Amino acid sequence: MQEIIGLHNIDIAIITTYMLGTLALGFFCTRYVGNAEDFFVSGKALPFWAIGFSIVVSDIGAMDFVAVAGATFRHGVSAANFDWMGSMPAMVFAAFVFVPYFWRTGVFTIPEFLGRRYNSAVQFLNAIIWAIVLFLSLSIMLWVTADKLMYTVLGWDAMWSLWLMAIVTGLYTFSGGLTAVVFTDVVQLIVMFVGGFGLLILSLWEVGGWSALREQVLAKGPEFQEHFTILLPHDTTGPFPWTGIVFGLGIVLAIAYMSGNQVIVQRTLGARTEWDAKGGMLVGGFLKSMIPLMVALPGLCALILVPQLPIEEADRAVPEMIRLLLPAGLRGLMFAALFAALMSSISGTLNSASTMFITDILGEMRSWIGKKPITERQALHLGRAFTAVLIILAGIFAKPIANRESIYVFMQTILSMFQGPTLAILLLGITWRRATRWGGLAGLTLGVTFCFILQYTPGLFTSDDPFLFVAWWSFVFSLIVTVVVSLLTAPESEEKLRGLTWGSVIQSNAAQKALQERNN
Amino acid sequence: MEAQFEAFCTTWFHPVLSRVFHPINTLLNPVYQPWATLVALVFFFGTMLWVCVILKESYVNLERPNNRWYTDLRLWTILSMLPHVFVYYYFR
């Protein structure tokens with residue numbers, strides 16, 4: 001079933017007004033950008049609510065609306081684990097362990113911390129891995145939205161749609177930096193919530209309420225009996241067994257994502273106080289727990305409202321619901337919400353990628369060849385230039401990279417390949433003084449290698465798609481390797497460790513004073 | 001390329017790794033409800049307890065803008081975790 005949704009003039013007017021408004025707001029924020037700190041960390045002036053809103057909206061893309069609803073249509077509520085188990089505990093952990101720590105050490109990026117704690121090779125390697133991931137996710141976001149949403153659903157030309165999105169978002173990120181990203185995110189979150197909850201309320205109304213939905217789905221047959229069970233057995237062949245959800249997702253992937261993902265961490269580094277940074281994380285976590293209500297539950301409603309939709313076309317659940325339920329005007333608002341989700345994810349990724357490129361890749365390469373460090377002014381210009389180059393490259397390579405059968409599996413596999421090892425060396429680097437540069441390097445490189453081996457050795461786990469187990473076991477493996485290699489190599493000097501391990505950063509007043517002086 | 005790498009891994013690593021992971025699978029296969037829900041709830045309550053009881057109040061609320069009850073981040077933690085407790089209990 002391939003039906004194109006028609007938009008009325010009022011829908012097109014709403015979408016156009018929304019996009020022009022976002023662009024204008026983004027340009028307005030340009031007046032607050034005077035130096036590199038303003039561009040990369042918003043001059044350290046962000047309040048908690050803006051941080052919380054921005055974290056959520058940067059994390060939720062337009063494809064989440066489509067793909068999570070599709071996954072819920074196929075697997076039931078267990079697909080929503082990524083926004084529940086995969087968010088709040090990790091965000092609390094990040095708020096009270098990593099955020100204060102990064103805040104006080106004054107680093108701009110996670111690889112920068114790894115560089116100070118271990119060595120420049122670890123910093124460079126980690127930054128390159130993240131740069132590849134951010135580039136891939138940018139390309140995927142652009143192509144999947146253009147192809148699966150705009151072309152398939154609206155009938156718009158995919159390439160034109162892709163460049164429209166890229167240019168609008170690239171322009172305001174290029175000019176306004178993190179301030180523009182965060183304040184457009186605040187507006188985008190409101191639009192997203194209005195559109196998303198509008199669709200949920202109308203879907204539930206049409207089905208006859210929650211109890212009627214539950215009864216009708218369970219009555220559809222034996223294959224739907226687990227659609228209201230959030231934790232599935234360990235031996236399920238699906239991708240979400242409970243052991244994988246608790247250990248692989250809750251402990252490794254979620255904490256690595258919330259504490260090590262530059263897109264998330266950068267917002268908290270721009271906070272005006274440490275309390276705002278922590279509070280922003282908690283607000284973000286609370287708002288994120290609402291996301292499954294608007295992205296997953298419509299997928300369940302579609303089981304009843306679009307019964308003819310084949311399971312292999314589950315990703316069309318939300319577009320079909322929009323076509324069936326939303327009147328003119330609301331349809332425009334819903335598409336504005338989807339564009340909001342896409343644009344905020346793109347802008348967040350662009351800004352973070354440029355921060356990392358300037359700090360960890362270009363900065364390190366210059367120091368290796370003996371060139372002077374980049375000045376504030378150069379960093380600002382280079383950050384803008386990189387933003388422009390990155391969005392153009394992502395636009396050009398979007399189709400060849402993302403035009404594959406299962407984007408979801410591809411992206412999760414890429415993420416699970418290095419999240420475990422990165423978290424292991426990050427945690428040990430912060431909490432264990434004896435961790436050495438060689439331990440960190442071995443933990444990261446051998447850990448990533450072990451991920452590839454687990455991923456490409458079939459038959460080890462019961463799940464057909466074992467990325468959650470790959471993440472967990474690679475984390476354990478990297479912890480062991482880092483500890484063993486560290487114990488076999490010479491300990492780091494006291495001078496190098498001062499102000500870098502958790503105890504001294506959080507508890508020692510002398511270390512905090514020294515850090516403050518250095519950061520100033 | 002991917003197929004060749006998979007064949008290589010299957011030949012060289014499967015015999016060793018399956019000896020580690022298959023017994024773990026056998027051990028965990030029969031462990032399901034109520035343990036799955038219990039572990040999830042312990043995870044949520046444990047996080048709340050850690051913030052509210054184990055961490056020092058002065059550390060949790062450092063640079064707090066004022067001393068009103070609603071700026072206490074311990075309360076924010078509980079409020080933002082409770083919906084999750086409800087969800088994992090309801091969808092068990």
Side-chain angles (χ1 to χ4, degrees), chain A residues 48 76-78 80-81 84-85 87-93 95-97 100 228-235 241-243 245-247 250-251 272-279 281-290 292 452-462 466 469 473 506-507, chain B residues 2-18 20-22 24-33 35-37 39-40 42-44 46-48 50-51 55-56 59-65 71 73 75-77 79-84 86-92:
Chain A
F48 72 91
V77 290
S78 62
N81 271 306
W84 282 326
M85 179 71 79
S87 288
M88 199 60 222
M91 289 177 92
V92 172
F93 194 73
F96 294 110
V97 175
F228 289 90
T229 307
I230 197 154
L231 295 169
L232 300 175
H234 175 75
D235 55 359
W242 80 268
T243 38
I245 291 292
V246 174
F247 295 100
I251 296 176
R272 60 187 171 192
T273 63
E274 192 178 306
W275 182 88
D276 283 273
K278 291 172 184 163
M281 268 286 188
L282 297 178
V283 169
F286 178 74
L287 291 173
K288 261 198 108 205
S289 63
M290 305 291 141
F452 274 92
I453 292 170
L454 286 184
Q455 190 66 41
Y456 284 95
T457 310
L460 295 177
F461 307 101
T462 44
F469 292 121
W473 288 115
I506 302 296
Q507 283 150 9
Chain B
E2 272 187 51
Q4 283 169 329
F5 187 62
E6 193 172 305
F8 172 79
C9 288
T10 309
T11 311
W12 288 95
F13 300 112
H14 188 272
V16 183
L17 293 175
S18 59
V20 178
F21 293 114
H22 286 176
I24 296 174
N25 289 336
T26 315
L27 190 76
L28 287 173
N29 281 345
V31 183
Y32 185 39
Q33 294 294 17
W35 296 107
T37 303
V39 170
V42 164
F43 194 37
F44 293 127
T47 311
M48 281 191 261
W50 172 63
V51 175
L55 290 178
K56 283 183 190 165
Y59 170 70
V60 171
N61 285 317
L62 189 78
E63 297 189 320
R64 187 176 173 178
T71 57
L73 294 181
L75 181 70
W76 291 27
T77 305
L79 288 179
S80 41
M81 294 292 283
L82 281 178
H84 298 76
F86 169 76
V87 162
Y88 280 82
Y89 184 73
Y90 181 78
F91 290 117
R92 67 190 186 279

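Throughout, a chain's letter reflects where its sequence line sits, starting with A, and its residues are numbered from 1. Because the structure is predicted, anything quoted here is derived from the model rather than measured.
- Using a 4.5 Å cut-off between heavy atoms, A/S289 contacts chain B through both its backbone and its side chain.
- Using a 4.5 Å cut-off between heavy atoms, B/L82 does not touch chain A at all.
- Proximity to chain B (any heavy atom under 4.5 Å) is shown, for A/W84, by both the backbone and the side chain.
- Neither the backbone nor the side chain of B/W12 comes within contact range of chain A, judged by heavy atoms closer than 4.5 Å.
- Qualifying side chain to side chain donor-acceptor pair (under 3.5 Å) partners for A/D276, counting only residues two or more places apart in sequence or in other chains: A/R272, A/T273.
- With a 4.5 Å cut-off on non-hydrogen atoms, A/L287 does not touch chain B at all.
- Across B/T37, B/T10, B/N25, the residue that shares the most heavy-atom pairs under 4.5 angstrom with chain A is B/N25.
- The parts of A/V92 that come within reach of chain B are both its backbone and its side chain, each placing non-hydrogen atoms under 4.5 angstrom from that chain.
- Only the side chain of A/F48 comes within less than 4.5 Å of a heavy atom of chain B; its backbone N, CA, C and O stay farther away.
- Within the 4.5 angstrom heavy-atom criterion, only side-chain atoms of B/V39, from C-beta onward, approach chain A.
- Ranked by heavy-atom pairs under 4.5 Å with chain A, the list B/L28, B/T11, B/L17 is led by B/L28.
- Every residue two or more places apart in sequence or in another chain was checked for a side chain to side chain donor-acceptor pair (under 3.5 Å) with A/Y456, and none qualifies.
- With a 4.5 Å cut-off on non-hydrogen atoms, B/H14 touches chain A through its backbone and its side chain both.
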